[in-house]
Amino acid sequence: MANIAFIGLGNMGGPMAINLVKAGHEVCVFDLSAEAVAHVVEVGASTKTSAIACVQGAQFVISMLPAGKHVDAVYLSESNGLINHIEPGTLVIDSSTIDAATSCKVAKALAEKNINFVDAPVSGGVGGAVAGTLSFMVGGSSKEFSQAEPILEAMGKNIFHAGEHGAGQIAKVCNNMLLSVLMLGTSEALQLGLANGLDPKVLSNIMSKSSGSNWTLDVYNPCPDVMENVPASNDYQGGFMVDLMAKDLGLAMETSLASQSSTPMGALARSLYAMHAASGNGSKDFSSIFNLFNKS
Ligand code: NAD
């Protein structure tokens, strides 16, 4: 079992840290929110007064923070960056969804101190974090991937080696850009059927057994009351927030610009999700975009 420092105990990081404790690891946790810390300490984690104190003596440091600027500051800040306190040979696993450029910058700075690093963003949402069934998309060397794998297995079901540093973040934005486009296409097709008198359950069944079949239609249907236990049938509460999808699409556009790629569907999806968030839907599930195509 390993000594692990875990920084960032929000909606995702909290349950991920709890699963590491349940797997028998020694986990020292830190978050700016005392309440978030208390929740994980309750199940057996320890805590210290700062992130710096937590990482001392740790074999692994895991972070689950909101955005690139937080990851940059936590590791590289001149005044209190963890880079000056993590021991050589330690593996840093950053599971935040951030821009690949920041992941590569942190990886390079840590490597100069003989500290290993992988970017390991996740898919699977809060439900996957609680159940320990997340998918991890890992960027780093083969050696770093092998070092990370046994730790990630306590929090996830599918662990993929995407490539070198930053590749995990690129895989994550490609996946979420595709997911947003599928959700938009599924929503407009279902609304077209509804506007022409079809029963959405019947239409969903037809399309899911035909060439229009896809995850947003078959597993996460955006039309209320077609499926039970999906956010659409619960007033779009829970699930994956519009604000987070808008953030990920912003990262996809930055990635597209950096490589001068053509991503017209992603660009349209980013605009539609930004508009949807600006209309007061930011905290709803991303399948609520279905209502954008509502005729009434
Ligand atoms: P969150 O806002 O619930 O949690 C972030 C936590 O980081 C907060 O508890 C905050 O207090 C803490 N934090 C911020 N700065 C800190 C610092 N300097 N030191 C210590 N703690 C600090 O966010 P979340 O939903 O847990 O998401 C975390 C990351 O995972 C994001 O990058 C997000 O895009 C990604 N993600 C989220 C989901 C999801 O469904 N929520 C799914 C996949 C990926």
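Just follow the structure's listing: the first ligand is 1, and inside any ligand the first atom is 1. Since the model is a prediction, treat every value here as computed from it, not as a measurement.
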Among the clusters formed by ILVMFWY side chains lying less than 4.5 Å apart, do [X] and [Y] turn up in the same one?
X    : Y    : value
L65  : I4   : no
L20  : F136 : yes
F60  : V40  : yes
F160 : I170 : no

May I ask you to identify the nearest protein heavy atom to [atom], giving residue, atom name and distance to one decimal place in Å?
atom                    : result
atom 30 (O) of ligand 1 : M64 CE, 3.1 Å
atom 4 (O) of ligand 1  : G10 CA, 3.2 Å
atom 10 (C) of ligand 1 : D31 OD1, 3.5 Å
atom 37 (C) of ligand 1 : M12 CG, 3.6 Å
atom 15 (N) of ligand 1 : L32 CD1, 3.7 Å
atom 33 (C) of ligand 1 : K247 NZ, 3.8 Å
atom 44 (C) of ligand 1 : T97 OG1, 3.6 Å
atom 41 (N) of ligand 1 : L244 CD1, 3.4 Å

Establish, from distance only, whether the side-chain atoms of [X] and [Y] form a donor-acceptor pair under 3.5 Å.
X    : Y    : answer
S77  : N80  : yes
T216 : N214 : yes
N116 : K143 : no

Point to revise | atom 23 (O) of ligand 1 within contact range, any protein heavy atom under 4.0 Å | key: no
Please set out all donor-acceptor pairs under 3.5 angstrom arising from side-chain atoms of residues 246-257, sequence neighbours excluded.
unit_1 : atom_1 : unit_2 : atom_2 : d
K247   : NZ     : P66    : O      : 2.6
K247   : NZ     : T97    : O      : 2.8
D248   : OD2    : N176   : ND2    : 2.7
T255   : OG1    : L251   : O      : 2.7
S256   : OG     : S261   : O      : 3.1
S256   : OG     : T263   : OG1    : 2.9

Review point. So do the side chains of M183 and P222 get within less than 4.5 Å of each other, counting heavy atoms only?
Key: yes
Check your understanding: Does an N or O from N11, backbone or side chain, lie closer than 3.5 Å to an N or O of ligand 1?
Key -> yes
Review point. Got a sec, which pairs hit ring pair (Phe, Tyr, Trp, His ring centres under 6.0 Å) with one end in residues 218-238, sequence neighbours left out?
Key: W215-Y220, Y220-F286
Review point. Which of the listed options, L65, D243, N176, L134, holds the heavy atom that is closest to atom 31 (C) of ligand 1?
Key: L65
Practice item. With heavy atoms under 4.0 Å as the rule, classify the contact between I98 and ligand 1 as side chain, backbone, both or neither. Key: neither
Check your understanding: Which bit of K172 gets closer than 4.0 Å to ligand 1, counting heavy atoms only: side chain, backbone, both or neither?
Key -> side chain
Exercise for review: For F240, take its heavy atoms, then give the atoms of ligand 1 lying under 4.0 Å from any of them.
Suggested key: 40 (O)
Check your understanding: Non-hydrogen atoms of A51 versus ligand 1: any pair closer than 4.0 Å?
Key -> no
Review point. Would you say P66 touches ligand 1, if touching means a heavy atom closer than 4.0 Å?
Key: yes
